[in-house]
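Counting from 1, the numbers follow the sequence of the chain as shown. FYI, side chains are in, hydrogens and waters are out, and symmetry mates aren't considered; it's all heavy atoms of this structure.
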Amino acid sequence: MGHLGGGTERDIAVNSKAQVPIWLAYTLIYSGWADFHIPAAFSGRVRNALNAETCSVQLSNLVGAGGLWYGFGKTVMDILSDEQANEMSAMLTAAFSGRLPEVIDQAQHFAALGRVGAGGPSGNTAQGFREGLDATERELFSLAQESARQTKLWYESSDRDRR
């Protein structure tokens, strides 16, 4: 398996570190061929940043394409011992519940401005905020924006009917 380490050697040297896809990690770990270390996206540094200011952490930058930080965390939990998995679960849950009110608030705020996706300072601010979100949070952001837009349309149409 030397090619996993990026070299031309036939074998991986003892105690070498190699990044492998998560689906391959299961086989290597449970076969006893490798040890697993918690990925940097869930390190103590990230945990401390989340504890300090949940919304300041750009989760999309911590994992690869798609930014599925919560999903990747759940997959990592399946590899960990029960105690470590419980700690990871607590971190994921605290991050999600700590960030959700801000995600919904920002979505409704930018939807009320009517400039989301458009140019200008508000559009740039909204886009910047969205780029730091996990894919799950981005989906909730979009749903909350659409909900706010639909509510505004309903309110305006029902207001006209009352006149």
(request) Would you please classify the geometry between the Tyr70 ring and the Phe96 ring as parallel, tilted or perpendicular, with 30° and 60° separating the classes? (result) perpendicular
(message) Once rounded to the nearest 0.5 Å, what's the spacing between atom CD1 of Ile79 and atom CE of Met88?
(response) 9.5 Å
(request) Kindly compute the distance separating CD (Gln106) from CD1 (Ile104), expressed to the nearest 0.5 Å. (result) 11.0 Å
(request) Identify the two heavy atoms, one from Ala144 and one from Ala107, that lie closest to each other, and give their separation to 0.1 Å. (result) CB-CB, 3.6 Å
(request) Please examine the side chains of Thr151 and Gln108, heavy atoms only from C-beta on, and report whether any two atoms are closer than 4.5 Å. (result) no
(request) Show your reasoning for whether side-chain contact (heavy atoms from CB on, under 4.5 Å) applies to Glu102 and Thr54. (result) CA-CA 10 Å; Glu102 183 69 13; Thr54 308; over 6 Å; no
(message) Please find the pair of heavy atoms, one from Cys55 and one from Gly98, that lie closest to each other, and give the distance.
(response) SG-O, 4.2 Å
(request) Supply the atom-to-atom distance Gln145 CD to His109 NE2, rounded to the nearest 0.5 angstrom. (result) 11.0 Å
(request) Assess whether ring pair (Phe, Tyr, Trp, His ring centres under 6.0 Å) is satisfied between Phe129 and Phe110, documenting all intermediate values. (result) CA-CA 10 Å; Phe129 178 78; Phe110 290 117; 7.1 Å; no
(message) Using a 3.5 Å distance criterion without hydrogens, assess whether the side chain of Ser157 forms a donor-acceptor pair with backbone atoms of Trp154.
(response) yes
(request) For atom CG of Asn48, decide whether the heavy atoms of other residues, nucleotides or ligands shown that lie under 6.0 angstrom number more than 12. (result) yes
(request) Could you tell me the separation between the CZ atom of Arg47 and the CE atom of Met91, rounded to the nearest 0.5 Å? (result) 5.0 Å
(message) Would the distance check show the side chain of Arg130 and the main-chain N or O of Ser142 forming a donor-acceptor pair, the cut-off being under 3.5 Å?
(response) no
(request) State, with a plain yes or no, whether a side-chain heavy atom of Leu62 is found less than 4.5 Å away from one of Val57. (result) yes
(request) Please round to the nearest 0.5 Å and tell me the distance separating atom CG of Leu100 and atom CG of Asp105. (result) 11.0 Å
(message) The criterion is ring-ring contact (aromatic ring centres under 6.0 Å, His included); which residues satisfy it with Phe42, sequence neighbours excluded?
(response) Trp69, Phe72
(request) Kindly say whether Ala85 contributes a backbone atom to a donor-acceptor pair with the side chain of Ser89 at under 3.5 angstrom? (result) no
(request) Check whether any side-chain heavy atom of Val63 sits under 4.5 Å from a side-chain heavy atom of Asp134, and report yes or no. (result) no
(request) List the atom of Phe36, the atom of Leu80, and the distance in Å for their closest heavy-atom pair. (result) CE2-CD2, 3.8 Å
(message) For Gln84, is the CD atom crowded, meaning more than 12 foreign heavy atoms sit under 6.0 Å from it?
(response) yes
(request) For residues Asp78 and Tyr26, report the shortest heavy-atom separation together with the two atoms involved. (result) CB-OH, 3.7 Å
(request) Using a 4.5 Å cut-off on heavy atoms from C-beta on, say whether the side chain of Arg99 contacts that of Leu59. (result) yes
(message) Nearest 0.5 angstrom please: Leu50 CG to Arg45 CZ, how far?
(response) 10.0 Å
(message) Quick test of your reading of the model: are Glu146 and Arg149 salt-bridged, counting only N-O distances below 4.0 Å?
(response) yes
